[in-house]
There are 2 protein chains.
Amino acid sequence: MAQALRHGTMRAGNLAVVLGELDRRGPLTRAALADATGLTKTTVSKLVADLIEAGLAVESGTVRDGERGRPGTAVRLSGHRVAALGLEINVDYLAACVVDLTREIRVIRTQPVDNRSAPPADVIAHLRALATAVLGEATTLGLTIPGAVVALPGPVDPSTGTVHRAPNLGWRDVAVTDTLALPLPVVVDNEANLAALGELWFGSGPALGDFLHVSGEIGIGAGLVVNGELFRGAHGFAGELGHVVVIPDGPPCRCGGSGCLERYAGQDALLSDGETLPDLLTRLRSGDPGALDSCTQAGTALGIALTTAVNLLDPDTIVLGGIYAPLFPWISTPATRTLRSRLSQMHPRVPTLVISAAGTNAAPLGAAGSVIQRIIADPITHLPTTQEAIG
Amino acid sequence: MAQALRHGTMRAGNLAVVLGELDRRGPLTRAALADATGLTKTTVSKLVADLIEAGLAVESGTVRDGERGRPGTAVRLSGHRVAALGLEINVDYLAACVVDLTREIRVIRTQPVDNRSAPPADVIAHLRALATAVLGEATTLGLTIPGAVVALPGPVDPSTGTVHRAPNLGWRDVAVTDTLALPLPVVVDNEANLAALGELWFGSGPALGDFLHVSGEIGIGAGLVVNGELFRGAHGFAGELGHVVVIPDGPPCRCGGSGCLERYAGQDALLSDGETLPDLLTRLRSGDPGALDSCTQAGTALGIALTTAVNLLDPDTIVLGGIYAPLFPWISTPATRTLRSRLSQMHPRVPTLVISAAGTNAAPLGAAGSVIQRIIADPITHLPTTQEAIG
């Protein structure tokens, strides 16, 4: 019995190793997979057959077989069958996307909606309708969706599916997963964490080195990616950049503190009453002094908080996402000036500010991507169970 | 040749696995080591013989052999032959210690000295004299020292042995390793990083969970330990808590910024002109209002910087070390009050402040401990070379 279990565990591990190689390195022959993994060609052939049967891999043309130069039939990840659902609830929009196993974006939908004025149950019902529509589109495309992740603007407890506190939504201890009640496993995670992963997988990626991704929204979150992995902290609450203290005796913040970055550089601080982001961009492009001044003040405050973040976290690069992406030309200059004046004497290289390549969809894409990541790390749960029993 | 290399590499890896088990789990029989590592008893016996021959392990009495209950001869780490040298240059003292493979402290020496008024070469010559004396004591104890680490109060480049900038010493690009010229390999590292590791290995250790260790000195550094490992950032400069911005338009700091934590809570801010730490402690114990006020102000500023650190890093525990250890009763209360008032609404559990158990010797102990860590991770470099050639 223990022996059988060990055999099953070994097969699960080997399936993950093979699928991981295809994910990292692209199309490979069975011989190259055997070389790369140290498994025998017979074992690799059996594992590849299982992955193809499950729709996770597919044969794909002919490639040269590494150093030896012999051409062979390549195997690669399949985007045809298995995909993932990424969802986001934010203060003024909902989003849903479907990403296949090759990380190609197959469906993406965003709905502007003011979620501050609606009860949590209504917001979640609205997301359920959006998710159901998107799942329908995925089915039409022949895709199977084994799981979803929901991005939320606040610290969450992924183990219970609950958002502890989302002050900008006015939410407290909302059981998102249970209320959403989708017909597939759903996990919740923090929006800023998922946006950082979205940038890693769908944006500029590994070229950024270790990076801090800043999500400027009504709240301001950040996600730190170190060696290709998200740094979450002891309880998953790391990266709350919006509540870094900029002026200790500044105005009170919805978090219970005062003088937090969010009060100086969040969307509500940047926009005048009743103004939308496109309105502000129009004013900025026309050189409106009030709009320019507002961005200079926000960028300077952001620079102070980022100085602190660099002192504590020491990233290679800082990525500005969310509303800071369209505002980049006006926000990044004062932020960079502040960073340089405060850091250049102690730091041989002050981190560069770059614009997010994943853009405003970073969080839902990171959400779907994290489901894909789980499938690739543990493919056996997506194989027919009869095969698993046989070992 | 490739085969021989692979065999040598495998032996090196297996030696590390066996030594690592003895380090983590304490005395074990050869049978228990075989069970734990998956190696055959014959292989384990050969590896253990090599480790004993090299003075890294020793036979030690009889223990029960795990579940089976048969008594057997135990093997454990040996503290008799191999040890490590830990050194520290700080602004107002030098320190040296010797720690053996079992992490027992065998020698520890501290010398108060004002290093601000001396040229770097003189300070380093002074450390060389201290290190040489301590190495002599180690030889008397029968210990061999294969390496040393020097703790320095500033960002360092371990690859070149250079401290980039130590503003409180007035140092810039000082080649510490080359100037020290000890007859053994020497690596440099940041004092706050090493103090955090000192607390992990010689203080309260794993019971702290993921912790931020704060080294209050003339400068203020911090080291974050996550899953038993130090978080260093992309260039090894993470944890510069002293330069977290507390008041953006505050007084200029030696780092080139302004309003940094160091200006409000560093040793120079806490002590009156000409006052020593014992003087301040005497005043505090007698209830001197000026001294109490000074600690309240410093503790409040520390609380603001720690609020920011918790928002970004999310540790379980915050350890106050360096001068904050003796000042704990007066510093921790205002710091905790500030943390709670700013964090309790968003964070289900605000991190606890605890006093450093490793105390003022945390950095040199962490320095020696990191040499021990390297020996345990790669014991083959400490075995006679003839054996290595035989494979």
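The chains referred to below are lettered A, B, ... by the order of the sequence lines, with proteins before strands, and numbering in each begins at 1.
The residue among B:P167, B:G257, B:G236, B:A238 with the most heavy atom pairs within less than 4.5 Å of chain A is B:A238. Among B:G154, B:A222, B:G233, the residue with the largest count of heavy-atom pairs under 4.5 Å with chain A is B:G233. Your options are B:L313, B:I304, B:D249, B:I247, and the one with the most heavy-atom pairs under 4.5 Å with chain A is B:L313. For the options A:C255, A:A305, A:G256, heavy-atom pairs under 4.5 Å to chain B are most numerous at A:C255. Between chain A and the options B:L241, B:T308, B:T338, B:N227, heavy-atom pairs under 4.5 Å are most frequent for B:T308. Interface check for chain A: of the options B:N311, B:D210, B:V244, B:T300, the most heavy-atom pairs under 4.5 Å are formed by B:N311.
Interface remark: B:P248 contributes backbone and side-chain atoms alike to the contact with chain A (heavy atom separation under 4.5 Å). Neither the backbone nor the side chain of A:L343 comes within contact range of chain B; no heavy atoms are under 4.5 Å apart. Only the side chain of B:V226 comes within less than 4.5 Å of a heavy atom of chain A; its backbone N, CA, C and O stay farther away. Only the side chain of A:F231 comes within contact range of chain B, with heavy atoms under 4.5 Å apart. For chain B, the nearby part of A:S341 is the backbone; its heavy atoms alone come within less than 4.5 Å. The parts of A:H243 that come within reach of chain B are both its backbone and its side chain, each placing non-hydrogen atoms under 4.5 angstrom from that chain. Using a 4.5 Å cut-off between heavy atoms, A:R232 contacts chain B through its backbone alone, with no side-chain atom that close.
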TODO: For the pair B:R254 and B:N168, evaluate side-chain hydrogen bond (donor to acceptor under 3.5 Å, both in side chains) and give the outcome as yes or no after the intermediate values.
DONE: CA-CA 7 Å; B:R254 276 168 287 204; B:N168 294 318; 3.1 Å; yes

Open item on the list: Between A:R342 and B:S258, is the side-chain hydrogen bond (donor to acceptor under 3.5 Å, both in side chains) condition met? List the steps.
Closed with: CA-CA 8 Å; A:R342 289 178 174 270; B:S258 61; 3.2 Å; yes

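Side-chain atoms of A:D316 and B:H235 form a donor-acceptor pair, as typed in the model, at a separation below 3.5 Å.
For A:L194 against A:S370, the heavy-atom pair with the smallest separation is CD2-OG, 4.0 Å. The shortest non-hydrogen separation linking B:P315 to B:V310 is CD-CA, 4.0 Å. Shown here for B:A298 and B:L270, the closest heavy-atom pair between the two residues is CB-CD2, 3.7 Å.
Side-chain contact between A:D173 and A:H164 is present, with at least one heavy-atom pair separated by less than 4.5 Å. Between B:V174 and B:P120 the shortest side-chain heavy-atom distance falls below 4.5 Å. Here the side chains of A:L306 and A:L212 are in contact, with some heavy-atom distance below 4.5 Å.
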